[in-house]
Amino acid sequence: MTRFPVRKVAVLGAGVMGAQIAAHLVNCKVPVVLFDLPAKEGPKNGIVTKAVEGLKKLKPAPLGVPEDAALIQQANYEEHLSLLGECDLVIEAIAERMDWKLALYMQIASALAPHAIVASNTSGLSITKLSEALPESIKPRFCGIHFFNPPRYMSLVELINTPATQPEVLDQLEAFVTSALGKGVVRAKDTPNFIANRVGIAGMLATIHEAQAFGLSVDVVDDLTGKKLGRASSGTFRTADVVGLDTMAHVIKTLQDNLGPEQANDPFFGSYATPPVLKALIDKGALGQKSGAGFYKKVGKDILRLDPAKQDYVPAGGKADAIVDRILKKPAAERLKLLRESSNPQAQFLWAILRDAFHYAAVHLQDIAESARDVDFAMRWGFGMKQGPFELWQDAGWLQVAGWVKEDIDAGKALSTAPLPSWVFEGPVAAYGGVHRPEGSWSAAHVRFVAPSTLPVYQRQHFPEAVLGAGAAQPLQSGTELFKNDEMRLWTLDGEVLIASITSKLHLIGTGVVEGLAKAVELAEASFKGVVIWSPDDVFSAGANLESLMPVFMKQGSKGIKPVVKQLQDTMLRMRYAQVPVVAAMRGIALGGGCEIALYCTRRVAAMETYVGLVEVGVGLIPAGGGLTHVARRAAEAAGAASVANWANADIMKFATDGFTSAAMAKVGTSAIESQKLGYLRDGDIIVPHKDELLFVALTQAKAIFDSGYRPPARAVIPVAGRSAIATIKGQLANMRDGGFISAHDFHISTLIAEVVCGGDVDPGSLVNEEYLMTMERDRFCSLLDHPKTQERVMGMLSTGKPVRN
Ligand code: NAD
């Protein structure tokens, strides 16, 4: 495959999706120009400008940092069509109207670069029909690119070809969307609503139908169909409110308009009618979250739910029955059997919606997807399910469940009388006991199991996400193991780089992690090119394991803790001064001690969704694993860079203040990009859009750094800001305390932080070393442990998981 460099992308339409897609492109460092119609009044870019401004306030945040909104180039079709000529990829995301989209294509066609890929983000219009208005020269480079809302966070992108799309175009786009944008790509056929919305919306309609049949209220249904069922925590009705009930109705209408008896004759057509309850809400203008009311309504602090019988809102809070809760915790086979056999209406409801989902997916597989894997991935990545319908079915026992579904169809309980396809009961799927097996997943269209894509981009994923039954390698059982304790596994995939995987709960740092890290450095210095700290799950480390320190503290007080802290600090220095590079591969939270581990690595590579911060003040402590020493060192380095001639003269305090503030306020970056702005990732560090490429990039980095002739940093002395800076900061803190913004204990903790980052009671520009600063960290940390207010914070956090404000 030839490379397809994407130097710039044009997004057409600055609505809900277009603006957020543009934001995500910015997050991924892809230059983007965002178009909309010229405004009728005021500046012609008015519509786009308003949309870009809106991005800064939207929740969940579409941008890594709001100020990056300025990187979106603004344009309108009247003045700036020529900008399209600079774009390698054009994503159309205007309103869902075939005629409007076609008119726009006509308007832009002559301005497009001849090599550009043009793709529509339509939710369900026919890509082939859309392509018909295009000049012949563009047709081979046209396809569907269906993002999910919110595009920064939802992994799924469906790519849809027309009969005229060149296969290479889709391959190139798949590589870009996967690696550069970090998305999970599923190839979908050009059928109404493609895969995820087709199966997902049919599932929501079925849920509304069965909920009514079993007399369940929306809050109970959401409790049953959220996390407990392994689905998105917002359940069914709350998800509908978030998506927008008008948007949902739109997607339903696509089913109604395109799948009737005259067109596709979908056997489930009867179940695509708009539910009266949905129609009534839309007619009233209750469109969900965006209009303040939908299936739910927030009044002050109270959440109310719709009571369709009363046509009004009543207090929400209904939950699953305890018996159903218990059933949902059982393994799949037992769970489904119990749900089906139970006389509890909630259990029967759950069996009914699962049966409907299996029935629907099996009947439609042949028409809508290449294989069952694509259906399951679409539901995982587009609807936040832990398992797609085929995975759950297979997990619960293929033929057993198939028999139950058939019984219900025969008894007229299902949503359609269509029988399950014959491949369910006969042939290789029945013989194997499921649709997913190590060599591939079942394709009803090709009547065989098909392997996952072998595009080169997937070689960047050592452990790609896999469906249940695919027999994917388990990272923590893979490679060659060199060392293991209760909290860590040291292993290698390639014999060149050592991988250190933290395995403790939330990757909390106890003695096992400290021992494991020291061991990793020792082993790597002897026989590897470097160490990569990586784990397969989505947390880097939640910090020190305070609970594990309790027995020592109870017995010996803070005196007993001091050596433990010293050992942690020594390990940090061991990593920093190792003879080989140590690379942190970060994803999810890296807090407190977790953040410090990353800071003491040679380099950090971080997935886009990485949240880093020194949060110790939340439990009444200060960072003492070298975090504050790092802040002091960074300030000196920055001041040195700013005043090349004589760094001792530079205003170190100016640079120490940012680090001080972040630690004193326990600021956490809300993305890898913001974490970088806070100084927890450095300029040379790498942000990786796709979580499954993290290990590949980290290993590549470790090898490249080593092969470039790595030497650890020199043990330089550190000029510090000294006593005058501490006095200044203390003055500001006193104002905050006296103004009631911080408590007396906050003042005390912040003062201790200021003392360490400024190097204590010394003259400005005094030279100190790391051991000196770390001793300060340690002493102050232990003094806090003895403080009753800190003890209150620690105990509060350990017992409730919530910070205590005192
Ligand atoms: P939207 O209504 O928020 O935005 C549509 C944009 O199109 C507006 O900025 C509008 O100015 C512009 N527009 C309207 N008429 C136009 C015309 N005649 N010519 C040019 N521009 C015009 O819509 P949205 O929700 O962002 O959806 C955009 C596309 O993305 C649709 O095809 C939709 O089906 C699809 N989509 C939406 C979602 C979602 O959750 N909202 C998810 C996936 C895909």
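Numbering of ligands and ligand atoms starts at 1, following listing order. In this chain, residues are counted from 1 in sequence order. The basis for the numbers below is simple: all heavy atoms, side chains too, and nothing from hydrogens, waters or symmetry mates.
- The residue R97 has no part lying near ligand 1, judged by heavy-atom distances below 4.0 Å.
- For the pair R380 and E465, the salt-bridge criterion is met [side-chain N within less than 4.0 Å of a carboxylate O].
- The closest non-hydrogen atom to atom 10 (C) of ligand 1, taken over D36, I94, V251, comes from D36.
- Of all the heavy atoms of F147, the ones lying under 4.0 Å from any atom of ligand 1 belong exclusively to the backbone.
- Residue A14 touches ligand 1 through its backbone alone, judged by heavy-atom distances below 4.0 Å.
- Remark: K44 engages E78 in a salt bridge, criterion side-chain N to carboxylate O under 4.0 Å.
- Protein heavy atom at the shortest distance from atom 32 (O) of ligand 1 is E96 OE1, 2.5 Å.
- Residue H146 touches ligand 1 through its side chain alone, judged by heavy-atom distances below 4.0 Å.
- Within the 4.0 angstrom cut-off, atom 30 (O) of ligand 1 has one or more protein heavy-atom neighbours.
- The residues E158 and K183 are annotated as not salt-bridged, no charged nitrogen and carboxylate oxygen being separated by less than 4.0 angstrom.
- The closest approach between a heavy atom of L37 and any atom of ligand 1 is below 4.0 Å.
- Ranking the protein heavy atoms by distance from atom 26 (O) of ligand 1 puts M17 N, 2.8 Å first.
- Ion pair R187/D171 flagged as a salt bridge, since at least one NZ, NE, NH1 or NH2 atom sits closer than 4.0 Å to an Asp/Glu carboxylate oxygen.
- Using a 4.0 Å cut-off between charged side-chain N and carboxylate O, E86 and R7 make no salt bridge.
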Using the rule given for ring-ring contact (aromatic ring centres under 6.0 Å, His included), can you reason through Y360 versus F268, listing the C-alpha separation, both sets of side-chain angles and the distance that settles it, and then say yes or no?
CA-CA 8 Å; Y360 192 87; F268 285 79; 4.8 Å; yes
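- Salt-bridge annotation for K101 and E96: present, with a side-chain N of the basic residue lying under 4.0 Å from a carboxylate O of the acidic one.
- Scanning the protein for heavy atoms near atom 15 (N) of ligand 1, the closest one is W100 CE3, 3.4 Å.
- Among all non-hydrogen protein atoms, the one lying nearest atom 28 (C) of ligand 1 is A93 O, 3.2 Å.
- In terms of polar-atom proximity, N121 is counted as a contact of ligand 1, with an N or O under 3.5 Å from an N or O of the ligand.
- Ionic pairing of K129 and E132 is not present here: no N-O contact between side-chain nitrogen and carboxylate oxygen is shorter than 4.0 angstrom.
- The backbone and the side chain of V16 each have at least one atom closer than 4.0 Å to an atom of ligand 1 (non-hydrogen atoms only).
- Between F148 and H146, the ring-plane angle classifies as tilted under the 30° and 60° cut-offs.
- For the pair K101 and ligand 1, the shortest N or O to N or O distance falls below 3.5 Å.
- Among S123, P150, A95, the residue whose heavy atom sits closest to atom 5 (C) of ligand 1 is A95.
- Of the protein's heavy atoms, G15 CA, 3.2 Å lies nearest to atom 4 (O) of ligand 1.
- Using a 4.0 Å cut-off between charged nitrogen and carboxylate oxygen, D241 and K298 do not count as a salt-bridge pair.
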